[in-house]
Amino acid sequence: MIVVTGATGQLGRLIVEKLVARVPADRIAVSVRDEQKAQDLAARGVRVRRGDFTDPKSLEQAFEGASQVLLVSSNASAYGGDPLAQHRAAIDAARSAGARRIVYTSHMAASRSSAFPPMLDHAATEQMLGESGLAWTALRNGFYAASAMFLLGKGLQTGVFEAPPDGKVSWTPHADLAEAAAVILANEGRYEGPTPPLTAAQALDFNALCDLASSVLGRPLRRSTVSEDEMRTKLAASGMPAHVIAISLGLYRASHDGEFAATDPTLEKLLGRAPTGMREVIAGQLGRTT
């Protein structure tokens, strides 16, 4: 049985949807904080269990009978929490439940020296997995394309996207990464340890994204470069907490350093098709909002 954590979140739900197309539903279970939000999955034959990263006992029950656990990374750091404590609790619970393998949603730039704080957590979690005694796979996911759209959001309204200097990023859609995760889960043992980078075919900086958005919109979206200090002041004035500002600025600094610029054919091979490009992502999202 495959147990998927965070199955009511954006990535976790998509992974379950892709898994159901490949594995009998009665071989899939989901670990969620609110079981009511997963009743549609229960109706399709997926086992729905309560599991909360902050309640280790609930995780042991949620993972009961699992051969594999898909551990969707916690975003607790964005709220001032401790994602590493949550990941350790999930790893311990998977081992206690007798799981053979943990598949973890990591990141292409996982590193102990990254300028982007979440990458430090991914690297530390991969080390925990390596020391767990279990088989494990780290999905080295490309940077989520949805993040690019979120960051562009205000600029799409004002006509100006303002940010510090950046660099190329291989923006990759959640749906493509979810499909790759499902393929790997359905073919246990295909990858040991970290995968190659699971990325779209092209890396783009925000100048290029603004150009793409301009062509889709039929009106200009201008890229305006400001200093980190100026951006920090503006974010603080908007009420953003200091730890979130550090994450935000770290993204631009890390991309400027080339941490997210790699592209790799592995995702295309897993999907059996070309990954979705950012022009399609932008057109799809703007088509729903314009």
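Placement of Leu14 and Val4 in two distinct hydrophobic clusters is found when ILVMFWY residues are connected by side-chain heavy-atom separations under 4.5 Å, directly or transitively. If you chain together hydrophobic residues whose side chains sit under 4.5 Å apart, Val3 and Val46 never meet in one group. One hydrophobic cluster holds both Leu134 and Leu84 under the rule that ILVMFWY side chains link at heavy-atom gaps under 4.5 Å. Linking Ile, Leu, Val, Met, Phe, Trp and Tyr residues whenever their side-chain heavy atoms come within less than 4.5 Å places Met149 and Val169 in a single cluster. Follow the hydrophobic side-chain contacts under 4.5 Å out from Phe143 and you reach Met278 in the same cluster.
Summarising the geometry of Thr199 relative to Gly142, their closest heavy-atom pair is CG2-CA, 4.2 Å, with the distance given to 0.1 Å. Between Pro196 and Asp264, the shortest heavy-atom contact is CB-OD1, 3.8 Å. The nearest pair of heavy atoms linking Pro275 to Leu271 is CA-CD1, 4.2 Å. Residue Ala200 comes nearest to Leu267 through the heavy atom pair N-CD2, 4.3 Å, listed as atom of the first residue, atom of the second, then distance. Contact detail for Ile91 and Ser132: the closest heavy-atom pair is CG2-CB, 3.8 Å. The two residues Met1 and Ile28 make their nearest non-hydrogen contact at CG-N, 4.3 Å.
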Let's go through Glu259 and Ser114 carefully: what are the C-alpha distance in whole Å and the side-chain angles of both, what is the deciding distance for side chain to side chain donor-acceptor pair (under 3.5 Å) to 0.1 Å, and is it a yes or a no?
CA-CA 8 Å; Glu259 291 191 34; Ser114 175; 2.6 Å; yes

Checking side-chain contact (heavy atoms from CB on, under 4.5 Å) for the pair Glu126/Ser106: CA distance, chi angles, key distance, verdict?
CA-CA 8 Å; Glu126 289 186 5; Ser106 189; 2.7 Å; yes

Should Ile15 and Leu185 be marked as a side-chain contact (heavy atoms from CB on, under 4.5 Å) after you check the CA-CA gap, both sets of side-chain angles, and the distance that decides it?
CA-CA 10 Å; Ile15 291 172; Leu185 286 164; 4.1 Å; yes

Check against side chain to side chain donor-acceptor pair (under 3.5 Å), Arg219 and Ser214:
CA-CA 5 Å; Arg219 56 179 170 82; Ser214 297; over 6 Å; no

For Leu70 and Tyr104, what are the C-alpha separation, side-chain angles and deciding distance, and is it a side-chain contact (heavy atoms from CB on, under 4.5 Å)?
CA-CA 6 Å; Leu70 186 284; Tyr104 171 66; over 6 Å; no

Step-by-step side chain to side chain donor-acceptor pair (under 3.5 Å) determination, Arg88 to Thr125:
CA-CA 8 Å; Arg88 184 175 296 282; Thr125 299; over 6 Å; no

Let's go through Ser170 and Gln202 carefully: what are the C-alpha distance in whole Å and the side-chain angles of both, what is the deciding distance for side-chain contact (heavy atoms from CB on, under 4.5 Å) to 0.1 Å, and is it a yes or a no?
CA-CA 6 Å; Ser170 46; Gln202 189 177 23; over 6 Å; no

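Not a single donor-acceptor pair under 3.5 Å links the side chain of Ser96 to the backbone N or O of Ala93. No side-chain donor-acceptor contact under 3.5 Å links Trp171 to the backbone of Ala148. A distance-only check finds no donor-acceptor pair linking the side chain of Gln61 to the backbone of Ser58 [under 3.5 Å]. A distance-only check finds no donor-acceptor pair linking the side chain of Asn187 to the backbone of Arg190 [under 3.5 Å]. The backbone N or O of Glu64 lies less than 3.5 Å from a partner atom in the side chain of Arg49, making a donor-acceptor pair. The main-chain N or O of Ser74 is found under 3.5 Å from a side-chain atom of His87 such that the two form a donor-acceptor pair.
Ring pair Phe206/Phe161 is parallel by interplanar angle, where below 30° counts as parallel and above 60° as perpendicular.
Taking the six-membered ring for Trp and the full ring otherwise, the centers of Phe150 and Tyr144 sit at least 6.0 Å from each other. The aromatic ring centres of Trp136 and Tyr191 sit 6.0 Å or more apart.
Defined by atom type and a distance below 3.5 Å, a donor-acceptor pair is present between the side-chain atoms of Gln127 and Glu131. With hydrogens and angles left out, the side-chain atoms of Arg13 and Thr8 include no donor and acceptor closer than 3.5 Å. In summary, the side chains of Asp229 and Ser227 do not present any donor paired with an acceptor at a separation below 3.5 Å, with no hydrogens or angles considered.
Dense packing is recorded around CZ of Arg232, with more than 12 heavy atoms of other residues, nucleotides or ligands lying under 6.0 Å away.
The OG1 atom of Thr105 sits 11.0 Å away from atom CG of Leu198, with the distance rounded to the nearest 0.5 Å. Note: Tyr252 OH to Leu151 CG = 4.5 Å, rounded to the nearest 0.5 Å. The CG atom of Leu41 sits 11.0 Å away from the CG atom of Leu19 when rounded to the nearest 0.5 Å. Atom NE2 of His174 sits about 5.5 Å away from atom CG of Leu11, to the nearest 0.5 Å. Here NZ of Lys18 is found 11.0 Å from CG of Leu177. Values are rounded to the nearest 0.5 Å. If you take CZ on Arg44 and CG on Asp26, they are separated by 13.5 Å, rounding to the nearest 0.5 Å.
Here the side chains of Cys210 and Leu152 are in contact, with some heavy-atom distance below 4.5 Å. Looking at heavy atoms from C-beta onward, His122 lies in side-chain contact with Met119 at the 4.5 angstrom threshold. The shortest distance between side-chain heavy atoms of Leu249 and Arg253 falls below 4.5 Å. Contact annotation: the side chain of Thr137 approaches that of Arg101 to within less than 4.5 Å [non-hydrogen atoms, C-beta and beyond]. Under the 4.5 Å side-chain criterion, counting only non-hydrogen atoms from C-beta, Thr195 is in contact with Arg140. Contact check for Leu156 versus Leu217: side-chain heavy atoms found under the 4.5 Å cut-off. In this structure, Lys168 and Leu204 have side chains that are not in contact, with every pair of non-hydrogen atoms separated by 4.5 Å or more.
None of Lys154, Arg222, Arg223, Lys234 except one satisfies the salt bridge (charged side-chain N to carboxylate O under 4.0 Å, His left out) rule with Glu162; the exception is Lys234.
We find that Arg273 and Asp176 are joined by a salt bridge, their nearest charged nitrogen and carboxylate oxygen being less than 4.0 Å apart. Between Arg50 and Asp34, no side-chain nitrogen of the basic residue sits less than 4.0 Å from a carboxylate oxygen of the acidic one, so the salt-bridge criterion is not met.
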